[in-house]
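Working notes, structure below.
Quick note on labels: first sequence line is chain A, next is B, and so on, each numbered from 1.
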Amino acid sequence: LVAAFSNLVFIKPRATYGLPNRFSIGKPGDYPSGSRLTLEARRICVVRDGDKMAAISTTCTHLGCIVAVSETGFACPCHGSHYDQDGNVTGGPAPKNLPWFQVRLAPNGELEVDKDVEIEPGTYYDV
Amino acid sequence: MSDQTPARPANFLTELPTNIWQSIFRNPVPQSDRDRSATSFTNFFLHVQPVKVHRHSLRLTYTWGLGLMAFFLFLILAVTGVLLMFYYVPSTTQAYDRMLDLRGTVAFGVFLRNMHRWAAHGMVAVVFLHLCRVFLTGAYKKPREFNWIVGVVLFLLTMFLSFTGYLLPWDQLAFWAITVGTSIASYAPVFGKDIKFLLLGDSSVGQEALLRFYVLHVAVLPLLMSLLLAVHFWRVRKDGGLSRPPEEDEVFPAAEVSVVTATAAPQEAAAVALAVPATFKQALAPKLYGIQGIVRGPFTKIGNVPDRSVFSWPNLLIAELLVFLVTVAGVLIVSLYFNAPLEEPVNIMHPPNPAKAPWYFLGLQEMVSYSAFWGGVGIPTLEVLALLLVPYLDRKPDGIGKWFARERLLANSLFLTFVVINIVLMVVGTFFRGPNWEFVSPW
């Protein structure tokens with residue numbers, strides 16, 4: 001039993017080699033007002049409305065496919081889930097709304113997104 | 001055996017090819033029953049099998065050779081798999097190129113990959129058909145309950161082996177099928193997220209996941225599978241051979257038999273003697289019943305018992321050879337005519353639309369499109385639990401060893417309903433789902 005448990009401990013990695021969850025997305029000036037830009041590699045959609053900015057996840061809450069931006073918001077190609085502009089589920093099998101991630105201005109003047117910190121949907125960051 | 005005197009060097013040389021041959025194969029080609037049994041139990045590869053096998057077990061229309069076929073497909077997969085390992089690198093930057101190399105530079109590369117892919121599809125199908133055969137003939141009943149459980153676990157291992165192999169080409173199909181598959185696992189209660197993290201070694205499918213799936217696919221799962229296969233085969237013999245209806249075990253007199261040995265249960269032999277007609281009784285009357293060994297349980301009888309068994313050499317071997325040839329021929333023909341698909345290299349930005357799993361998982365994917373938890377975890381778990389519990393719930397000893405026995409109408413109907421529902425879901429998932437998993441007509 002101890003051996004089985006220690007094997008589980010062994011195969012659980014202590015460090016991962018993938019993309020980090022906290023990253024810079026450039027200066028606020030890169031995002032014009034009213035834009036909705038998807039950063040595909042980071043799997044987020046950066047929304048700017050006037051001085052308000054937010055980062056919405058583009059990973060489908062159903063089974064992890066990448067949702068595409070559609071006319072009404074987001075649509076998942078895998079099992080047909082639909083979301084509105086704010087990431088609220090409007091149809092399909094998705095069980096949860098798309099999460100919003102924390103956006104902050106780093107000391108070097110660039111925006112920083114932290115995917116480990118989910119914030120209340122509809123909360124914008126003022127730049 | 002040679003009766004030459006080993007004295008002169010001339011003889012020493014003339015003996016040469018024969019004595020090597022004889023040192024390997026202790027028995028000449030068998031001429032008598034004694035030789036036939038000796039051939040079976042002095043050969044390492046043949047002694048897995050019983051010396052004698054019941055006629056009923058050899059009936060093609062009873063087993064359709066499905067269990068053997070599954071085993072032979074596993075052997076083909078092991079051999080082609082090891083060969084493919086010589087050229088494969090489990091790296092996100094190299095795996096796909098290696099797939100292209102199989103097409104371009106490796107001798108028989110495409111053919112070996114085809115064989116591996118189609119044998120894998122075939123094995124999933126054949127293992128499932130074998131499971132259906134065992135259910136529909138009531139073969140899981142006492143004393144074979146535990147072997148049924150081993151069989152169900154082997155079926156799950158087959159699916160998991162296929163699933164882990166699916167990622168290795170590192171094409172679009174592979175990447176998104178595993179993304180979806182491991183997300184389904186994360187819906188499992190309590191440990192879901194941990195299972196996903198342990199499987200992938202990261203928060204999403206990447207290099208760590210590829211390496212982990214590779215290790216599972218080429219080492220861990222095949223070893224487990226081999227171990228359970230050995231248990232499965234061992235239990236087939238220890239549970240008294242393949243299932244058969246009780247009337248198949250009734251004694252009928254054979255002219256050459258002079259001594260009847262009842263090894264298993266003397267009272268059973270006596271009961272059988274009462275059941276046979278008077279003339280047979282007369283024929284059996286002067287014979288001597290001796291107990292050669294007291295063994296409990298449904299063991300195969302040894303000695304010249306007047307039952308309906310025949311020697312494994314050559315009867316069983318010929319049947320096995322036939323199934324082997326059919327299996328190999330089938331895989332070769334399919335591999336010559338159809339190439340295993342290889343899609344675009346992985347693009348983690350753009351999932352294909354629709355992103356579909358292999359056909360045997362499309363029933364699951366169809367259910368998942370309604371509810372991730374119930375379709376992907378809840379219902380499959382209940383189905384597996386039901387399968388595992390079947391022999392302990394359905395305990396009536398009626399209808400063993402017969403296809404679609406009347407006594408088993410309810411059990412068989414329930415089982416077939418379950419099979420048909422799963423097949424319908426698979427067909428819907430395969431042919432009736434288009435982009436965004438919306439309903440499309442295949443016509």
Side-chain angles (χ1 to χ4, degrees), chain A residues 4-23 37-45 57-83 89-96 99 101 114-116 118, chain B residues 92 175-187 191 194-212 215-216 220 347-357 364-376 429 433-440:
Chain A
F5 182 72
S6 54
N7 278 330
L8 276 180
V9 173
F10 171 76
I11 63 165
K12 182 168 183 177
R14 290 186 177 169
T16 57
Y17 302 87
L19 287 171
N21 273 347
R22 211 169 85 186
F23 47 86
L37 272 175
T38 44
L39 306 180
E40 284 170 331
R42 302 292 187 181
R43 294 195 168 201
I44 54 166
C45 177
S57 165
T58 54
T59 302
C60 183
T61 56
H62 181 225
L63 291 172
C65 287
I66 297 184
V67 294
V69 174
S70 71
E71 287 163 21
T72 52
F74 304 95
C76 181
C78 292
H79 303 97
S81 294
H82 293 279
Y83 305 86
V89 181
T90 51
K96 281 185 290 189
F101 298 126
D114 190 346
K115 287 173 79 175
D116 284 332
E118 287 182 20
Chain B
T92 52
F175 183 86
W176 293 102
I178 304 307
T179 299
V180 168
T182 49
S183 301
I184 291 175
S186 74
Y187 275 92
F191 298 112
D194 295 313
I195 294 173
K196 184 184 171 188
F197 188 67
L198 282 185
L199 270 176
L200 296 183
D202 207 337
S203 50
S204 61
V205 181
Q207 175 60 60
E208 297 307 296
L210 182 57
L211 187 56
R212 274 163 193 244
V215 171
L216 286 173
V220 179
N347 180 348
I348 57 169
M349 322 286 178
H350 296 287
N353 192 355
K356 285 193 182 182
L364 260 182
Q365 201 177 348
E366 176 64 22
M367 289 199 290
V368 160
S369 72
Y370 300 104
S371 155
F373 173 74
W374 283 109
R433 292 296 183 178
N436 293 335
W437 208 251
E438 269 155 18
F439 194 84
V440 290

Which portion of [X] sits near chain A, non-hydrogen atoms under 4.5 angstrom:
| X | value |
| --- | --- |
| B:Gln365 | both |
| B:Arg212 | side chain |
| B:Val205 | neither |
| B:Glu208 | side chain |

For A:Lys12 and B:Asp194, which heavy atoms make the closest approach, and how far apart are they? NZ-OD1, 4.3 Å

Where A:Pro13 and B:Gly201 come nearest, the two heavy atoms and their spacing: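 It is CG-O, 3.4 Å.
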
Might you confirm whether atom CZ of A:Phe10 has over 12 heavy atoms from other residues, nucleotides or ligands at distances under 6.0 Å?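 Incorrect, the count does not exceed 12.
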
Min side-chain heavy-atom separation B:Ser203-A:Lys115 under 4.5 Å: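 They are not in contact (no side-chain heavy atoms under 4.5 Å apart), so the answer is no.
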
Answer whether the closest heavy-atom distance between the side chains of A:Cys65 and B:Thr179 falls below 4.5 Å.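 Of all side-chain heavy-atom pairs linking B:Thr179 with A:Cys65, none is under 4.5 Å.
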
Ranking B:Phe373, B:Trp176, B:Tyr370 by heavy-atom pairs under 4.5 Å to chain A gives rank one to B:Trp176

Quick check on A:Ala75 against chain B: is it the side chain, the backbone, both or neither that has a heavy atom closer than 4.5 Å? neither

Check each atom of A:Ser70 against the heavy atoms of chain B and say whether the ones under 4.5 Å are side chain, backbone, both or neither.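 Neither the backbone nor the side chain of A:Ser70 comes within 4.5 Å of chain B.
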
